[in-house]
Protein chains: 2
Amino acid sequence: MMNLKEFSHRIGLSPTTVSRALNGYPEVSERTRRKVLESAERLGYTPNSRAARLATGRAMTIGHILPLSKEHEMVNPIFSDFIAGAGEQYSKSGYDLALSVVRDEDEEEAYRDLATRGVVDGVVIHGPKVEDPRIRLLGELGLPFVVHGRSSRVPGEYNWVDVNNRRAFSRATEFLLDLGHRRIGLINGLDGMDFATRRLNGYGDALAAHGIAGDPELVFNGEMTENYGFATTMQMLASRKPPTAILISSIIPAMGARRALHDLGIGLGDEVSVVIHDDDLSYFRNEGDVPIFTATRSSVREAGRLCADILLDAIRGAQDGRRHVLLEADLTVGQSTGPAPAMRHLLDRDRAEALRRPQSLT
Amino acid sequence: MMNLKEFSHRIGLSPTTVSRALNGYPEVSERTRRKVLESAERLGYTPNSRAARLATGRAMTIGHILPLSKEHEMVNPIFSDFIAGAGEQYSKSGYDLALSVVRDEDEEEAYRDLATRGVVDGVVIHGPKVEDPRIRLLGELGLPFVVHGRSSRVPGEYNWVDVNNRRAFSRATEFLLDLGHRRIGLINGLDGMDFATRRLNGYGDALAAHGIAGDPELVFNGEMTENYGFATTMQMLASRKPPTAILISSIIPAMGARRALHDLGIGLGDEVSVVIHDDDLSYFRNEGDVPIFTATRSSVREAGRLCADILLDAIRGAQDGRRHVLLEADLTVGQSTGPAPAMRHLLDRDRAEALRRPQSLT
DNA sequence: TGTGTTATCCAAAGCGCTTTGAGAAACTCA
DNA sequence: TGAGTTTCTCAAAGCGCTTTGGATAACACA
């Protein structure tokens, strides 16, 4: 592996000149620069990043911390699409992406570690809680960051990119109310997550506007797995007062909900309506001439791109204050919603029988 | 941010001693080492990784390259679980994980770049093709690597961790044959992927052993999205000679297949049997007292752990030759399989009608 | 021709750590 | 007590790059 000294010697220039040529400084003539670039290509010289990072004090790396949830050691399925979006932008700007996989409880320590070891120039905070301690921590550490989401109860300004979750869910709820639904279930994310709270609020807003009291038995919090969607749907439909419509926070539990409805022989879109929030995951597109699910959609990949742009600007000092982006998630009507049926139609024989089978909530 | 010079001065030792104490060299007494560690904790000193990396010549980082497929710009959904497994091991050994997101066509260049810039000590190759050029490339670059999968037509030894795909799929096919199925569809991964070829071979082996000629109209290659599973299943069932059973390479297209069966009013597990390969994704567990799908299961997270262990050993030179791990994927019987029905049962009125609706293969 | 400007290039001093080659201190044993 | 060992500590030389503060060359103008 050739180093700068040898390379510059070979092409008859000093290391300084070569470094300047390579890094685009104006003190070097265009002719020289071209010559240097071309020779580097020809001789296969690439500057050693380790050395450059020490010399400049910049890590040229953005950190992401991927927590494994304690409950199921689960990776958030939206993570990979977010990373795909962000990573693309990093590459364009010559930044690398460092990923730390840590257990939930070690997460704060992991941020502190990244900061003090100096291996990243900035980090992205994923999945903020209603009152997330990481925001203050990073502020204290002086490490630039951007939050994917927000943290309602953390005061002060910071960079964030979020979906208008409250609006999206109030809109979705209203849509169902307009269709005549009065008992509407909500299969939400984990309790304490900021997005889950905002979605709950949106749902509550719409119900309240129609003078409907929310029923806590119709609201669920949990990690968004397929099985969670299945179990909660089963539980709701087995209750004495089943909903005629369900709001689901992600397409993955929606798969489980669909399975539950199917197992019970209940028609999706006619007997029970479902509206989902769709993160537009690349391997799970809710598409077609008429989408499968009626959904509020917001691309998580796009959010990744935006987060990256904001963070890179912050690092490069090209930013005056803090920046925010609030993405609207429009409602698209699909095949999974329809007018509320009269309740009695649901109580036919087949279904009553199906409900007699025991169900467990795993 | 305190540096070594200042820290060692403060605690009345030389930088050398402190460095040795921190890095576990034997030339320093246990008492001194304890003192150093404790003072570091107390004064908040952490060595600057950038400097350490330059000095040692080690990057203490493993690289993963995440290609975005050209077709759908898709991220492989098994990626996050693999990373979760591998990342855990890296953390334990004090290694970082660098992730590069690149377009399919830039992938080779990305490996070359990682190697010459010296930002990683080794890399993991994901999704090898039948004849994958990356293996030779990395050999030439002299960068340690491990392959998640294998590359059938690449000669020579290299580290790999793979599932016994051929055995798994021949076993699954045989299981269906034993149930009396004779027309068995295969919804496979992208053409050219090594795992897809091995699975096809396993499927072919079993058919051949029963004297059954494979029907190319029943074999599909594509990116494993939900829609792909839906579209291929629809296409097969709309054909003049529909299968009575389907093998599916991942749980995600299996969701789409289930949707298709449901839309057509065809019973899963009685009218049409389905066997899947289950990567044991954390957000998509095929579980329950009796699993939903009959499946050959192999945890991709475990594969991630194994890959990490092998690669770290290779980097530390604690490895004699090349290492291989072949994971067996046992078949677990679930609710999605049953004896082959007589064909005529499938051709009832409802289904005929459903098939009249137009379907598109997106 | 001499002076002032620009356009180029260079030597050398870091960046903060590791590690070599030796020296000082502590200990052992005759 | 002194020589030989072992234990601990240190000064200094890198690692390969960036960047400062000049030096040199090239050019214009009077």
Side-chain angles (χ1 to χ4, degrees), chain A residues 1-37 39-40 43-61 94 96 113-121 316, chain B residues 1-37 39-40 43-61 94 96 113-121 316:
Chain A
M1 196 111 309
M2 193 170 9
N3 61 17
L4 173 59
K5 193 170 158 191
E6 181 183 343
F7 173 65
S8 52
H9 185 76
R10 282 225 224 166
I11 63 171
L13 289 174
S14 79
T16 316
T17 307
V18 172
S19 171
R20 283 187 166 149
L22 257 27
N23 291 306
Y25 281 71
E27 295 92 335
V28 67
S29 74
E30 269 317 309
R31 200 158 45 84
T32 310
R33 191 193 310 283
R34 259 202 307 282
K35 195 179 97 186
V36 170
L37 286 171
S39 309
L43 300 176
Y45 168 70
T46 321
N48 181 311
S49 298
R50 290 193 301 266
R53 287 169 181 189
L54 175 57
T56 58
R58 277 177 268 128
M60 295 306 285
T61 302
D96 288 329
D113 187 59
L114 281 185
T116 56
R117 281 164 54 219
V119 289
V120 301
D121 300 318
R316 294 186 282 229
Chain B
M1 197 110 309
M2 195 171 6
N3 62 17
L4 174 60
K5 194 170 158 192
E6 181 184 342
F7 172 64
S8 53
H9 184 75
R10 281 226 224 167
I11 63 172
L13 289 173
S14 79
T16 317
T17 307
V18 171
S19 172
R20 282 186 165 149
L22 257 28
N23 291 306
Y25 280 73
E27 296 92 334
V28 67
S29 74
E30 269 315 309
R31 201 158 45 83
T32 309
R33 191 192 310 284
R34 258 202 307 282
K35 197 179 96 186
V36 170
L37 286 170
S39 310
L43 300 177
Y45 168 70
T46 321
N48 180 312
S49 298
R50 290 193 302 266
R53 286 167 182 191
L54 174 58
T56 58
R58 277 176 268 128
M60 294 306 285
T61 302
D96 288 329
D113 186 58
L114 282 185
T116 56
R117 281 163 54 220
V119 288
V120 300
D121 299 318
R316 292 187 284 229

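Because only heavy atoms are used, hydrogens play no part in the values below, and waters and symmetry mates are left out as well, while side chains stay in. Numbers restart at 1 for each chain; the letters A, B, ... are given by sequence-line order, proteins then strands.
Rounding to the nearest 0.5 Å places OG of A/Ser49 at 12.0 Å from CZ of A/Arg58. Note that the OH atom of B/Tyr45 and the CG atom of B/Leu43 stand 11.5 Å from one another [nearest 0.5 Å]. Annotation: the span from A/Arg50 atom CZ to B/Leu54 atom CG amounts to 7.0 Å, rounded to 0.5 Å. Between the CZ atom of A/Phe7 and the OG1 atom of A/Thr46 there is a distance of 9.5 Å, given to the nearest 0.5 Å.
Salt-bridge check for B/Arg53 with B/Asp96: passed, with a basic side-chain N closer than 4.0 Å to an acidic carboxylate O.
Side-chain to base pairing of B/Thr16 with C/dT19: one donor and one acceptor N or O lie within less than 3.5 Å of each other.
Regarding B/Leu13, its CG atom lies at a distance of 15 Å from the C1' atom of D/dA11, rounded to whole Å. As rounded to whole Å, 14 Å separates atom C1' of D/dG14 from atom CG of A/Asn48. Distance A/Glu6 CD to D/dC15 P: 13 Å, rounded to the nearest Å. A straight line from CD1 of B/Ile11 to P of D/dC10 spans 10 Å, rounded to a whole angstrom.
Defining each end axis of the helix from C/dT1-D/dA30 to C/dA30-D/dT1 as the rotation carrying four pairs' C1' atoms onto the next four, with five pairs an end, the two axes are found to diverge by 50° to 10 degrees.
Proximity of residues 21-32 of chain A to DNA chain D (heavy atom under 4.0 angstrom from any strand atom) is restricted to A/Asn23, A/Tyr25.
In this structure, the nucleotide among C/dC15, C/dT18, D/dT18 sitting nearest to the side chain of B/Ser19 is C/dT18. Each of C/dC9, D/dT18, C/dT18 was ranked by its minimum atom distance to the side chain of A/Arg20; first place goes to C/dC9.
Nearest heavy atom pair, residue B/Gly118 against residue B/Ala59, reads O-CB, 3.8 Å.
Defined by atom type and a distance below 3.5 Å, a donor-acceptor pair is present between the side-chain atoms of A/Ser29 and A/Thr32.
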Can you give me the N/O atom pairs linking the protein to nucleotides 23-26 of chain C at distances under 3.5 Å, or say none if there are none?
none

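Here B/Tyr45 lies in heavy-atom contact (under 4.0 Å) with sugar-phosphate atoms only.
Within 6.0 Å of atom CZ in A/Arg33, more than 12 heavy atoms from other residues, nucleotides or ligands are found, so the atom counts as buried in its surroundings.
One finds a side-chain N or O of B/Thr17 lying less than 4.0 angstrom from the OP1 or OP2 phosphate oxygen of D/dC10.
Of the two residues near DNA chain D, A/Arg50 and A/Arg58, the one whose nearest nucleotide lies more 5' is A/Arg50.
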